[in-house]
Amino acid sequence: MTQSDYLCDLNDYQKEAVVSNATSLQILAGPGSGKTRALTTRVAWLVKNKDIPSSSIVVVTFTNKAAKELKERLDEPHLLGSNLSNGLVIGTFHSFCARMLRKHVDLTPLKKNFIIADEERSRNMVKAIFKEHKSSLSPQNQKLDSEKFRRWISQEKNKGIDSIAYKSLYKNDIEKMDIARIYCAYEKQLQDENMTDFDGLLLHCRDLLRNNSALVDFVEHVLVDEFQDTNALQYDLLKLIARAGEKSITVVGDPDQSIYGWRFADKAHFVKMTQDYEGTVIVNLKESYRSTKHILSGANHVVSKDDKRTPRQLFTNNNQGVPISILRANTDTLEGEMIANEIKRIVELSDGLVKYKDIAIIIRMNFLTFNFAQALTQAEIPFIVITGKRFLDLLEVKDILAYLSFFYNHRDLSSFIHLINVPKRGLGEISIKKIHLLAIEKNWTLVETIQNIVDKHPATKGMRIMSKAILELKRLLDLQKQVQEKLDKKESISDILQCIVDSIDYSGYLEANYQSDYQVKSANIEELIAFARQQDCEVSENEKGIDALGRFLESVTLCGNLKEQEEAQDGKVCVITAHAAKGLEWTCVFVAGCEQGIIPMERSADMDEESRVLYVAMTRAKCFLYCTYAAQRKRWYGYQQTVFTNLLRDLPVTDYQRQLPTWNTEVRFWVSQVLRLPYKEDGALLLEDHGDEDGDK
DNA sequence: CCGAACCCTGTTTTT
DNA sequence: CAGGGTTCGG
């Protein structure tokens, strides 16, 4: 078979990974070693050289962003081109599972039109259940808050233990039976409302595949991105999809970048995989193209704190660069100013090499954003804060989505509770409870129940609900019917949203309840409708109506950030958490707040993971890396003394400096080399139109 | 059922 | 200090 030209640009390690015939392959990819390139090229190779139809290839990622990026890369003509890539199954674990469950819903405990409960719903649900069961719990457990229980439940689910299994597993443990009771009640509630949560998608899908293995007959090869982030349940799922080695599996990842332990991810799955799949081949992408030697060496020092770690041989042929700048400020405000000043200096002195968009401030915790947002605003530096807050988590968006959700799934109690007093309708907890209980007793949906209450059905005799409230319920029903009609007529989701917003006079509600934020919130609603309109265009004719609504709700739950990506570049400095920054890179990076208690975080369960978080943050930098800290930081109120992080305290002296990097012709020259930008021999740069050096376009 | 007054706790990271 | 929770009085 002739070597195709798309393999030419690869280095030896990458090539070995791409063309491996192993049925079980691990690609260990350190920061900047061409992970995405190896993965996408391997997919192209499987299709083009091994004649595997693209529809038999499944690519799983953890984030929507990663899925999107892979898809875009594969669409490029020199890899697959959009023709060949079309049939690929590519998406997050959650979207893959959701797709399977919808398609084979009859084989699952879920009912048609099930919806996915996001975290807030799940939280509210557990909170309510906890409250209800509180008195019957052991004294210790009564003192805990519902959030603890939710986490325990989630943990069990991600271990693959469902409520029934949990109950029987711990039937002799009084403390754990408290959890079991809440777990079971929670699951029952989900089922009653025809819902499942994020974890449930995976768990249900596992059961589905376990009992119906033929459903994944179509799969020839499964590829997994960021494998270090897999938890036990996801690992089981992969095993089911790959039929435990019968089909081929390729995983790509980096144990050193495993920073999701708190979400039950376990990098030990790399080892487990070699045990579970005989003849697993491991390829190490040893060359890093991203950072200078100084940065790589400093980062390596940090991650090596973990003595249980297998050492790596990551090297770079990049320039030595300058030592990492470790900068101290007296207060957090001054830290912000210091960074702002340095950003200005870089942009000025780099002579066009480094622009605002090439700079990031990476932080460990979201509450630090405020500090830097303020400093950057004051310095008039354009910036964007990537909060990780999802668009759909905005209250105003949820208000409207609750209506949509309720009209889609008539058993959706949590949406009903959410929407019933937005705007105020004079129904309190008691009335809602009555409606809920009646619905359960008669096995009516909530919509049917309300209908019967309004119609004064004999069974509702004993219900004492205020006449004003009855009137409001009637109006709600009218809206529901109107929406149903629109769905039957297959009208677009955006029109339906608009109809809901108008009919409940939502802007009036916003105006009355939020004086200052009113306009922002209205704009967000506009944004939601615009997003729906965009989705409307992508839906095929025969899928309109109720199914389109289901798809819309699913995509909006599973993919929280609708807009952040595009905004990210655009000539702005980026303020971002280490977790959100994984997979990204900038010419210049400030890792801010390098203090004991912040990095490593005070009550982190796993200190080794903390060093990996810092490792990830540091390895985002290509040319310049600053680690900054403030001797005093505002905590909740008042200032607190801080100390420099232990993780960086013993960096070898050659690896850091306590001053700002110098800029001169020589520096600009090696920077242009590391960035792979065009230059002249004499060091004068050709900077016109070098385009987007991040290479992700 | 609602709002005002009061008490408490307490700052991760996110599909 | 703030935001969520609880209590109490209309």
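Values below: every heavy atom of this structure, side chains too, minus hydrogens, waters and symmetry copies. Order of the sequence lines fixes the chain letters, A, B, ..., with proteins taken first and strands second; residue numbering starts at 1 for each chain.
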Query raised in the report: For A:Gln189 and A:Glu193, does a side-chain donor sit closer than 3.5 Å to a side-chain acceptor?
Result: yes

Query raised in the report: For A:Ile598, which contact category applies under a 4.0 Å heavy-atom criterion: base, sugar-phosphate, or nothing?
Result: nothing

Short N/O separations, protein against nucleotides 3-10 of chain C, under 3.5 angstrom:
from, atom 1, to, atom 2, distance (Å)
C:dG5, OP1, A:Lys127, NZ, 3.0

Query - Euclidean distance, atom CG of residue A:Asp199 to atom P of B:dT15 [Å, nearest integer] - result: 13 Å

Report task. Could you state the atom-to-atom distance from CD of A:Gln640 to P of B:dG10 in whole Å? Result -> 15 Å

Query raised in the report: Would you call A:Asp254 and A:Lys267 a salt bridge, taking side-chain N to carboxylate O under 4.0 Å as the test?
Result: no

Requested in this report: Measure the distance from CZ on A:Phe370 to P on C:dA2 and round it to the nearest whole Å.
Outcome: 11 Å

Query raised in the report: Between A:Asp199 and A:Leu233, what is the shortest heavy-atom contact and its length?
Result: O-CD2, 4.1 Å

Query - Distance between P atoms of C:dG5 and B:dT12 (Å, rounded) - result: 16 Å

Report task. For B:dT11 versus C:dG4, give the span between their C1' atoms, rounded off to a whole number of Å. Result -> 14 Å

Query raised in the report: Are the charged groups of A:Arg73 and A:Glu69 less than 4.0 angstrom apart, N to O?
Result: yes

Query raised in the report: Between A:Phe198 and A:Ile432, who's closer to the 5' end of DNA chain B by nearest nucleotide?
Result: A:Ile432

Query raised in the report: When rounded to the nearest Å, what value does the distance between C1' atoms of B:dT13 and C:dA2 take?
Result: 22 Å

Query raised in the report: Quick check, are the ring centers of A:Phe416 and A:His436 under 6.0 angstrom apart?
Result: no

Query - Face-on cation placement of A:Arg263 at A:Tyr260 ring, 6.0 Å and 45° thresholds - result: yes

**Report entry** NZ/NE/NH1/NH2 to OD/OE distance under 4.0 Å, A:Arg123 and A:Glu120
**Finding:** no

Query raised in the report: Whole-Å distance between B:dT15 P and A:Lys157 NZ?
Result: 18 Å

Query raised in the report: Does the gap between the ring centers of A:Tyr506 and A:Tyr509 come in under 6.0 Å?
Result: yes

Close N or O pairs between protein and nucleotides 11-14 of chain B (under 3.5 Å):
from, atom 1, to, atom 2, distance (Å)
B:dT11, OP2, A:Arg603, NH1, 3.2
B:dT11, O5', A:Arg603, NH1, 2.7
B:dT11, O5', A:Arg603, NH2, 2.9
B:dT11, O4, A:Arg635, O, 3.1
B:dT11, O4, A:Trp636, N, 3.3
B:dT12, O2, A:Arg364, NH2, 2.9
B:dT13, OP1, A:Asn366, N, 2.4
B:dT13, OP1, A:Asn366, ND2, 2.9
B:dT13, O2, A:Trp262, NE1, 3.1
B:dT13, O2, A:Arg364, NH2, 2.5
B:dT13, O2, A:His579, NE2, 3.2
B:dT14, OP1, A:Thr577, OG1, 3.2

**Report entry** Length of the CD1-C1' vector between A:Ile420 and B:dC1, whole Å
**Finding:** 14 Å

Query raised in the report: Quick one: do A:Asp162 and A:Lys157 make a salt bridge, cutoff under 4.0 Å?
Result: no

